[in-house]
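Atoms within each ligand, like the ligands themselves, are counted from 1 in listed order.
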Amino acid sequence: MVKVLFVCLGNICRSPTAEGLFRDLLRRHGLDDRIAVDSAGTGAWHVGSAPDRRAQAATLRRGIDISNLRARQARADDFESFDYVVAMDRENYRDLRRLCPPGREDRLHLFMDFAPRAGTRDVPDPYYGGPQGFEDVHGLVEEASAGLLDHIRRNLE
Ligand code: 4NP
């Protein structure tokens, strides 16, 4: 089993959206029995909370229900249990780099690096903005998810 962990700041907007979309993508490719997905936040403010209602709504519009997810904080031992620890933006990446045990740095990735043609290195934080921000998250997550899945499949073969 290959294990993927998506990480943002709060684990209530971007990373649960990525978890839901990526899990749906795996199901459609028949790979959900070979690749497992989870998400976490670098911060602890929202631990135990369901995803933000706006993230739930934007995801449900695409037929994906993420209401059952609950926020948790990323831990150093996530770098032992997950093959891919995927940061939503460069700030998350820096925070995770600090959390990462020595020798596990190769497991840390910046999500948008899997979509070099998207023209951005960050999935922008939509929390303080309007509904369009949540739509934008979906576009970026879809692009980077396709690239990440290609990358994992090449390494599965
Ligand atoms: P996320 O969005 O990192 O995509 O889950 C945020 C959610 C909450 C906060 C910041 C970002 N906050 O400061 O509470």
Side-chain angles (χ1 to χ4, degrees), residues 2-27 35-101 104-105 107-149 151-152:
V2 176
K3 293 181 71 185
V4 178
L5 180 69
F6 293 108
V7 183
C8 61
L9 180 59
N11 192 208
I12 55 168
C13 298
R14 293 165 292 173
S15 63
T17 297
E19 178 181 349
L21 264 68
F22 198 70
R23 183 171 289 127
D24 182 68
L25 184 67
L26 294 175
R27 211 175 283 128
I35 305 171
V37 199
D38 192 11
S39 66
T42 57
W45 309 283
H46 299 282
V47 167
S49 298
D52 186 284
R53 288 179 177 283
R54 298 164 294 173
Q56 289 192 39
T59 307
L60 204 53
R61 271 198 290 282
R62 284 132 178 120
I64 300 166
D65 183 357
I66 57 169
S67 62
N68 62 321
L69 303 183
R70 294 295 177 268
R72 72 167 178 91
Q73 191 171 24
R75 303 181 299 262
D77 71 3
D78 285 324
F79 286 93
E80 312 296 344
S81 28
F82 289 89
D83 305 283
Y84 291 84
V85 177
V86 183
M88 291 292 128
D89 67 24
R90 284 170 285 184
E91 181 188 323
N92 307 147
Y93 186 96
R94 281 192 295 274
D95 291 340
L96 288 165
R97 185 68 186 70
R98 254 177 252 124
L99 189 64
C100 180
R104 289 300 193 201
E105 295 83 0
R107 298 188 163 194
L108 178 58
H109 302 269
L110 186 60
F111 195 28
M112 291 314 300
D113 282 351
F114 293 105
R117 280 180 297 190
T120 177
R121 301 201 72 205
D122 300 314
V123 180
D125 185 351
Y127 188 66
Y128 293 106
Q132 186 57 43
F134 287 83
E135 297 301 314
D136 296 345
V137 166
H138 270 269
L140 294 172
V141 167
E142 279 172 18
E143 280 192 72
S145 291
L148 173 60
L149 184 56
H151 176 92
I152 295 173

Atoms in ligand 1 flagged as close to Gly10, the criterion being non-hydrogen separation under 4.0 Å: 1 (P), 3 (O), 5 (O)
Any side-chain heavy-atom pair from Leu21 and Phe6 closer than 4.5 angstrom? no
Quick one: does ligand 1 sit under 4.0 Å from the side chain of Asn11, the backbone, both or neither, non-hydrogen atoms only? backbone
Geometric cation-pi criterion Arg14 and Tyr127, 6.0 Å radius, 45° cone: no
Is Glu135 salt-bridged to Arg62, cutoff N-O under 4.0 Å? yes
Show which atoms of ligand 1 fall inside a sub-4.0 Å distance from at least one heavy-atom site of Ile12. 5 (O), 7 (C), 8 (C)
Hey, does Thr59 have a side-chain heavy atom less than 4.5 Å from the side chain of His138? yes
Whether the Asp89 and Asn92 side chains hold a donor-acceptor pair (N or O, under 3.5 Å, no angle test) is what I'd like checked. yes
Out of all atoms in ligand 1, which are within 4.0 Å of some heavy atom of Cys13? Include the element for each. 1 (P), 2 (O), 4 (O), 5 (O)
For atom 13 (O) of ligand 1, what's the nearest protein heavy atom and its distance? Tyr128 OH, 3.2 Å
Do the ring planes of Phe114 and His109 sit parallel (below 30°), tilted (30 to 60°) or perpendicular (above 60°)? tilted
The protein heavy atom nearest to atom 1 (P) of ligand 1 is Cys8 SG, 3.4 Å
Nearest neighbour in protein (non-hydrogen) for atom 9 (C) of ligand 1: Tyr127 CD2, 3.6 Å
Show which atoms of ligand 1 fall inside a sub-4.0 Å distance from at least one heavy-atom site of Leu9. 3 (O), 10 (C), 11 (C)
Residues Arg117, Glu143: salt bridge by 4.0 Å N-O rule: no
Report the member of Arg14, Met88, His46 with the shortest heavy-atom distance to atom 4 (O) of ligand 1. Arg14
Please list the nearest protein heavy atom to atom 2 (O) of ligand 1 with its residue and the distance rounded to 0.1 Å. Asp125 OD1, 3.2 Å
